[in-house]
Amino acid sequence: MAQHRALREGAQVAQRRGDPVAERYLEAATGIEKLLERFNHGVVVPTIEWSGGLDGKSDLDTQVLLAALHFTEVGETYSVESPVIISTVLAFLRRFEPMYDINRVAFTDIYGVRVPVGVAVGRYPEDVYNGVGSSRGNPWSLITSALAEYHYRLALAYADSEELVVGPELAALLRWSAPYLNNGDGVLDSLVSLQSYLLAVGDLYMARVARHTGRDHTMYEQWNRRTGFGQGAIHLTWSYAAHTAAARAREKLVEAINN
């Protein structure tokens with residue numbers, strides 16, 4: 001997805017400069033777009049024709065989520081609102097939720113207010129990097145922030161829709177999230193309610209990040225899967241950037257809802 005985006009943007013720059021290489025870039029981008037279809041296995045898998053590497057690795061890897069956020073726009077292959085990306089995100093949640101002890105905690109306190117928290121997620125289920133060595137992988141701050149951004153961006157993708165269309169994939173994601181919100185089965189009757197619902201779901205993951213962030217706002221790369229304390233790289237720039245991106249997406253969504 002990154003290569004596809006880079007080639008398309010490179011072609012645009014070349015076209016503005018009158019550089020004939022633009023045609024080659026577009027041709028390569030078209031080839032990659034066709035290749036991307038082969039990664040759709042009901043969920044978007046990170047690798048095809050796999051050989052070597054970590055033994056027993058599943059077809060779930062949250063790099064797919066990050067790629068969808070960073071390198072696609074609405075309506076493109078594997079954009080945030082595409083059914084297969086929605087199914088992929090739900091597969092992440094179902095897989096990671098029972099893996100980490102800290103996910104048994106359903107609420108946290110933010111400035112004296114008790115709020116629900118979402119699922120903490122890691123890189124991939126078989127991860128063995130624990131931030132300081134090899135044992136069992138942990139949830140990652142930046143990926144959990146990315147889940148918040150995903151739900152905000154998913155809601156924004158519907159912002160210009162005149163008719164509410166909730167396909168089976170999105171309906172399944174909404175139903176899965178409902179118990180965390182204590183909001184029934186997630187039945188929706190208007191576009192505003194869909195956007196508001198996804199706003200609330202995104203806030204679950206922001207609250208999860210807040211629970212494991214220091215009072216001085218210090219962020220760590222990972223959270224210990226049992227204790228929830230920070231682990232791995234401290235002040236990892238990507239952790240802050242991911243949370244900032246989620247906050248900006250939230251601001252846009254709130255504006256869309258209010259307008």
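If you read the sequence from its start, that first residue is 1, and numbering goes on from there. We use all heavy atoms of the structure for the numbers below, so side chains are in, but hydrogens, waters and symmetry mates are not.
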Hey, can you tell me if F96 and F92 have their rings parallel, tilted or perpendicular (30° and 60° cut-offs)? tilted
Indicate the ring-plane relationship of Y129 and W140, choosing parallel, tilted or perpendicular according to the 30° and 60° boundaries. tilted
Between A157 and V74, what is the shortest heavy-atom contact and its length? CB-CG2, 3.9 Å
Does the side chain of [Y] come within less than 4.5 Å of [X]'s, by heavy atoms?
{"X": "T77", "Y": "N40", "result": "no"}
{"X": "E73", "Y": "R5", "result": "yes"}
{"X": "H212", "Y": "T108", "result": "no"}
{"X": "L198", "Y": "Y150", "result": "no"}
{"X": "W238", "Y": "L66", "result": "yes"}
{"X": "L199", "Y": "R250", "result": "yes"}
{"X": "L35", "Y": "H4", "result": "no"}

Salt bridge flag under 4.0 Å for residues E149 and R248: no
For the side-chain hydrogen bond (donor to acceptor under 3.5 Å, both in side chains) test, which of Q3, E76, E33 pairs with R8? E76
When clusters are formed by joining ILVMFWY residues with side-chain heavy atoms under 4.5 Å apart, either directly or through shared neighbours, do [X] and [Y] land in the same one?
{"X": "V45", "Y": "L65", "value": "yes"}
{"X": "L147", "Y": "M99", "value": "yes"}
{"X": "L154", "Y": "I85", "value": "yes"}
{"X": "L253", "Y": "V115", "value": "no"}
{"X": "Y220", "Y": "M206", "value": "no"}

Are the side chain of Y180 and the backbone N or O of L204 linked by a donor-acceptor pair below 3.5 Å? no
Check the pair N224 / Y100 against side-chain hydrogen bond (donor to acceptor under 3.5 Å, both in side chains), numbers first and verdict last. CA-CA 9 Å; N224 185 281; Y100 305 133; over 6 Å; no
Side chain to side chain contact (heavy atoms under 4.5 Å, CB included) with H41: of V84, T88, I48, only one passes, and it is I48
